[in-house]
2 protein chains.
Amino acid sequence: MATEESTKAMEDVKIGDAAKEQDDIVDPWNVQSSSETGVDYDKLIKRFGSSKIDDALIQRIEKATGKPVHHFLRRGIFFSHRDMYALIEMYEKKQPFYLYTGRGPSSDAMHLGHLVPFIMTKWLQDTFDVPLVIQLTDDEKYLWKDLTDEEAHRLSYENAKDIIACGFDEEKTFIFSDFDYMGGEFYKTICRIQRRVTNNQAWGIFGFNGESNIGKNSFPAIQAAPSFSSSFPHIFNGRTNVPCLIPCAIDQDPYFRMTRDVAPRLGYPKPALIHSKFFPALQGPKTKMSASEPNSSIFLTDTAKSIKNKVNKYAFSGGRDTTEEHRKYGGNCDVDVSFQYLRFFLEDDEKLEKIRQDYTSGELLTGFLKKELIEILQKITSEHQERRAKVTEEVVKRFMTPRKLKFDF
Amino acid sequence: MATEESTKAMEDVKIGDAAKEQDDIVDPWNVQSSSETGVDYDKLIKRFGSSKIDDALIQRIEKATGKPVHHFLRRGIFFSHRDMYALIEMYEKKQPFYLYTGRGPSSDAMHLGHLVPFIMTKWLQDTFDVPLVIQLTDDEKYLWKDLTDEEAHRLSYENAKDIIACGFDEEKTFIFSDFDYMGGEFYKTICRIQRRVTNNQAWGIFGFNGESNIGKNSFPAIQAAPSFSSSFPHIFNGRTNVPCLIPCAIDQDPYFRMTRDVAPRLGYPKPALIHSKFFPALQGPKTKMSASEPNSSIFLTDTAKSIKNKVNKYAFSGGRDTTEEHRKYGGNCDVDVSFQYLRFFLEDDEKLEKIRQDYTSGELLTGFLKKELIEILQKITSEHQERRAKVTEEVVKRFMTPRKLKFDF
């Protein structure tokens, strides 16, 4: 899986460059675009040095798995990758890999956007039948945010319930809080990475400076470490060379550019990645949704009524000012938030395409899209809430216990 | 135990300052003096902002414990302290404290100089009857030195045997390797410290720079954390306010200046400290002994014959060029390494004083001092070797298992 591009990218892409060039700002702590249609993802692929997920790759994946890809891949919601061809080739040779994704537990309330990597990851787990590790970076949140370590740790467990409710297979999945799991081979792997990243490199990649605390400064190694199977001896039986595939939002890529740069010097395989676009705020795609602004997003805890109100009141419309104009000139799917949300959550391709055509032509009004969307979101959230209610403390504990999974290594 | 001086010291004393001022260089990685008599310790006390261990303090300790102090204290081998008066006052009020010391395991062979903090610590443990934690910083050695993490970890266990052979009470002592013990409340305590130290502060105190690896950059929090009882819930039953006394060589003080600066912001007591002078190399006190130069020091593994040879051949003499001159002008105890070693290891005050007088007057020749020293060192090392041979893997394991000690908290 070793390629040259990421080492190059590590040198080239620095946080802060974007601002200078008046490009979009995309890093683990900031996502900002000045464009109505949001971040320019093609530009981002060039800047980050990743590759586009195109039809050829999708066909390659379908050929290897014998199944149609998830609509997140078909629709370009996961739009960028690193080393997916190499990973697929290995998969075809029956060489095992594993999945790694994560979440920073900074609030009780997870919103729809937070589900995106987990939905993708679940599909990958089901399709490829591979082990999955999910990191909850409560230490990161403690180092960055104004909350106690106890609170960050508690949020890990709350968020774990929502993650488990996505339907992950207990026999194939290990979820861990950094505060709990720190130590042993995980800590050794972290030290191995830390020894190979200088302050200059970390400051260049992540924008740290003299006023950053020393915990932030070394944290990237903690998010990098689960990319290496050495971190999980209970799963991989001491094998340190099992390759890893990381589904994540594109803003997390800096961590893994660093990881991929370090990997060959450790004799470990570079992780492969697939990157998602951002799930837009109800008010439009200029920013990510924020858990601290309740009306910017649909939360997994929202009631049917609240969803209806939020979508009707806040979902940015791509329609015209008057019905008459709309019928005449048509709506703009590229900025209409309801349509954008339908792209994430309406699985039926034909139906989505018909909505797109009819909204663009002016035949459908924004109200119709909102109605469709409300129904779908109400169904998703109520089903999620039902599943989450069944996730007992006991279930959480089982998922979060370091243990052998059903795979032999 | 809160005082203002250390916060001030943290700002004032920076590694590198010394070089500029042509002072002695004393930091955790370098000890260098251009003087024949070694480091100017009075100057160091001023630069570091600590206090001298004087007769008044010694009497205070003897009054509190009802016992004469160890000759390391009487003879100014432990010469500097922070907050010892406050600690003694608390001890008299029956408020418990604990001891913390450590070692960086970078070689199999420990030498006599390495014993110094452990001998002092054992005396303190016996005299005050308090819990003791001993940190083996194998992670630090991995981050700094050219050795694998497996090797650093193995050296922790080898060094633990030598430490145990010093005679620590198993019921009162917890020895830990960072690689083993990392995690849980120890890790949380580390994160709490990390959040409160900026890169600027760490660079100022420890001389890190852009080329330092990010592991080194955050390591100070790992050496700081055992100063807080929150790191050892199995010993202190969750109490986070048990004060700590740290016996260490003066070069370790920068870690604890940082620790003392952070403590009040965490609501934890500042650790008290007593600092030792350096044990001189056989060739003289200009540098510390080095494990990588076999003839610079007496190792705990040296045979009686090897000790005799090394002392006779390498121990720097404070005598005159000829016997005649020596008889006439006398020897210089301040630079004679044999005499310096006797100050560490000859317990009989009267005998030592007589040797001092008679060597200074010229009555005794260097050869006599060497003979005395050889006998003492042969006895110390052979007894140490006997005790070490009895330290089985099982004993090591018991000392290094996190567990309740015999104290109730």
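The model shown is predicted, which means the values in this text are computed figures rather than measured ones. Values below: every heavy atom of this structure, side chains too, minus hydrogens, waters and symmetry copies. Each chain gets a letter, A, B and so on, in the order the sequences are listed, and its residues count up from 1.
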Task: D138(B) versus chain A, the contacting section by heavy-atom distance below 4.5 Å - done: neither
TODO: Let me know if D180(B) has heavy atoms under 4.5 Å from chain A in its side chain, its backbone, both or neither.
DONE: neither
Task: Residue-level interface, residues 392-404 of chain B with chain A, non-hydrogen cut-off under 4.5 Å - done: none
Open item on the list: Using a 4.5 Å heavy-atom cutoff, which residues in residues 181-190 of chain B come close to chain A?
Closed with: M182(B), G183(B), G184(B), Y187(B), K188(B)
Open item on the list: For N199(A) versus N217(B), what's the shortest heavy-atom pair and its separation?
Closed with: ND2-OD1, 3.1 Å
Open item on the list: I need the minimum non-hydrogen distance between T198(B) and E211(A), along with the two atoms involved.
Closed with: CG2-O, 3.6 Å
Task: Approximate separation, where rounding is to 0.5 Å, of C191(B) SG and F179(A) CZ - done: 4.5 Å
- [ ] To the nearest 0.5 Å, tell me how far L143(B) CG sits from R192(A) CZ.
- [x] 11.5 Å
Task: Partner of I214(B) by side chain to side chain contact (heavy atoms under 4.5 Å, CB included), out of Q201(A), R196(A), Q194(A), R195(A) - done: Q194(A)
